[in-house]
Amino acid sequence: MPSEIYSLPVTSSSWEPLLGSPFPSGPCSSSSEAQATAEPPGQSPKNPCVSSVTVQLEMKPLWEEFNQLGTEMIVTKAGRRMFPTFQVKILGMDTLADYALLMDFIPLDDKRYRYAFHSSAWLVAGKADPATPGRVHFHPDSPAKGAQWMRQIVSFDKLKLTNNLLDDNGHIILNSMHRYQPRFHVVFVDPRKDSERYAQENFKSFIFAETQFTAVTAYQNHRITQLKIASNPFAKGFRESDLDSWPVAPRPLLHIPTQSHNSLSPCLLKGPKEQDKDLNKTSATTSRTPACLHQQLLPPTEALLAPTTYRPLAYQAPYPGVPVHLGIPRTRPAPYSIPNIRADGNQGGLTLPTGLGLPSSTTMCLEPGQDSQ
């Protein structure tokens, strides 16, 4: 008999997890099938409240698929959840009795491993690192009546793995590049005053061989990475050709009616002197206007979004003798409105106004196959 036992308090009302008392490391119930019920030989008979308890592993095909490749679990300083998540279906409990459900992790051997990428296999790299502090993860709903545990699937989705030896968050501490076997325990909360005497009878442990894994800080086997991305619902962002992850074009927030007037602001259609007066008037007004009202000084949104009214732009062919039947148009629509631009028939070009910052003699010639830029 192991010397260390798991003791429980007197009543379930004052029950609290005793993290300092790990479970014995002796044999326990195990099975390679989806259900673990075998009673280990050489142990004292179990309490009737736990002797008939059976446990079925959920997502067993997925666990087996990972196990065939060599399951890897990420460990981080902050703690990382397991995937696949350890989930079980429990049967055979006393519906009126109180039970606590918990998990711990035991090393599979005393070796440290490394992954050989050229052969895609795990190799022994030496002796195992010093053992990490043994911890037990209690299901947050513990303790609870047997009827509640059997009503639905029990999920340990809050369990996290870490490689921080100084972790104070209660996460399971593991050594990276070491192999571990999760164990599941069902503990009957014995209301008797001398419950310490029956500690070995009041719990039952279960091991599923397909849940063993190697703790890593980064996935070594690329097949494991692909399988986790393909089967983890929270890894949608890493999948390719996922229609749900494609960006969707945003819809317009408001429907603004369009009008047919010129899209340019009225201030652009004035001369240079009038523009200077308007700018001075605007600056004096905005200095006394709150910031929230500045947007009223801008042109209306309908004017900015209205369709542009094009003005025909005339030009003179550079070669006076070319027959008209060649199909060269005499006028072409400008790509955008050009304010205060008048055609110069003598030079065959366009004279730009002085208000645009260019010399008055500047001209812009248009060839038959060329548009203004």
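Because only heavy atoms are used, hydrogens play no part in the values below, and waters and symmetry mates are left out as well, while side chains stay in.
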Looking only at heavy atoms, the pair that brings V53 and G92 closest together is CG2-O, 3.8 Å
Is the NZ or CZ atom of K46 both under 6.0 Å from the centre of the six-membered ring of Y198 and within 45° of that ring's axis?
no
If you define the side chain from C-beta out and look only at heavy atoms, does anything of P84 sit under 4.5 Å from E210?
no
Do any N or O atoms from the side chain of K145 and from the backbone of Y99 form a donor-acceptor pair under 3.5 angstrom?
no
Output for pair (R179 CZ, I106 CD1), nearest 0.5 Å, gives 12.5 Å
Each residue besides L165 in its hydrophobic cluster should be listed here, by chain and number; the cluster joins Ile, Leu, Val, Met, Phe, Trp and Tyr at side-chain heavy-atom distances under 4.5 Å.
I173
Ignoring hydrogens, what is the shortest heavy-atom contact between V75 and T162? Give both atom names and the distance.
CB-C, 4.1 Å
Is it the case that the side chain of Q152 and the backbone of M150 share a donor-acceptor pair, with hydrogens and angles ignored and the cut-off at 3.5 Å?
no
Spell out, as yes or no, whether a donor-acceptor pair under 3.5 Å connects the side chain of W149 to the backbone of V154.
no
Taken in chain and number order and not counting sequence neighbours, the residues that satisfy side chain to side chain contact (heavy atoms under 4.5 Å, CB included) with R81 are K158, K160
Side chains of H185 and D104: do they bring a donor and an acceptor to under 3.5 Å?
yes
My understanding is that only residues two or more places apart in sequence, or in another chain, count here; which of them pass side-chain hydrogen bond (donor to acceptor under 3.5 Å, both in side chains) with R112?
D129
Sequence neighbours excluded, the answer for side-chain hydrogen bond (donor to acceptor under 3.5 Å, both in side chains) partners of T95 is none
Ring centroid separation Y115 to F117 under 6.0 Å:
yes
Using 4.0 Å as the upper bound for N to carboxylate O, is an ion pair formed by D167 and R135?
yes
My understanding is that only residues two or more places apart in sequence, or in another chain, count here; which of them pass side chain to side chain contact (heavy atoms under 4.5 Å, CB included) with E65?
L62, L227
Between V186 and M93, is there a side-chain heavy-atom distance shorter than 4.5 Å?
yes
Can you classify the ring geometry of F213 versus F105 as parallel (below 30°), tilted (30 to 60°) or perpendicular (above 60°)?
perpendicular
Would the Y113 and H178 ring centres measure less than 6.0 Å apart?
no
In terms of hydrophobic clustering (I, L, V, M, F, W, Y; side-chain heavy atoms under 4.5 Å; direct or indirect links), are F156 and I74 co-clustered?
yes
Could you tell me whether D194 and R192 have a side-chain N and a carboxylate O separated by less than 4.0 Å?
no
Under a 3.5 Å threshold, yes or no: a donor from one side chain and an acceptor from the other, between T211 and Q181?
yes
Check: E72/T214 side-chain N/O donor and acceptor closer than 3.5 Å
no
Do R183 and M103 have side chains that approach each other closer than 4.5 Å (heavy atoms only, starting at C-beta)?
no
Separation of N202 CG from D190 CG (nearest 0.5 Å):
4.5 Å
Contacts of type side-chain hydrogen bond (donor to acceptor under 3.5 Å, both in side chains), residue Y219, not counting sequence neighbours
K228
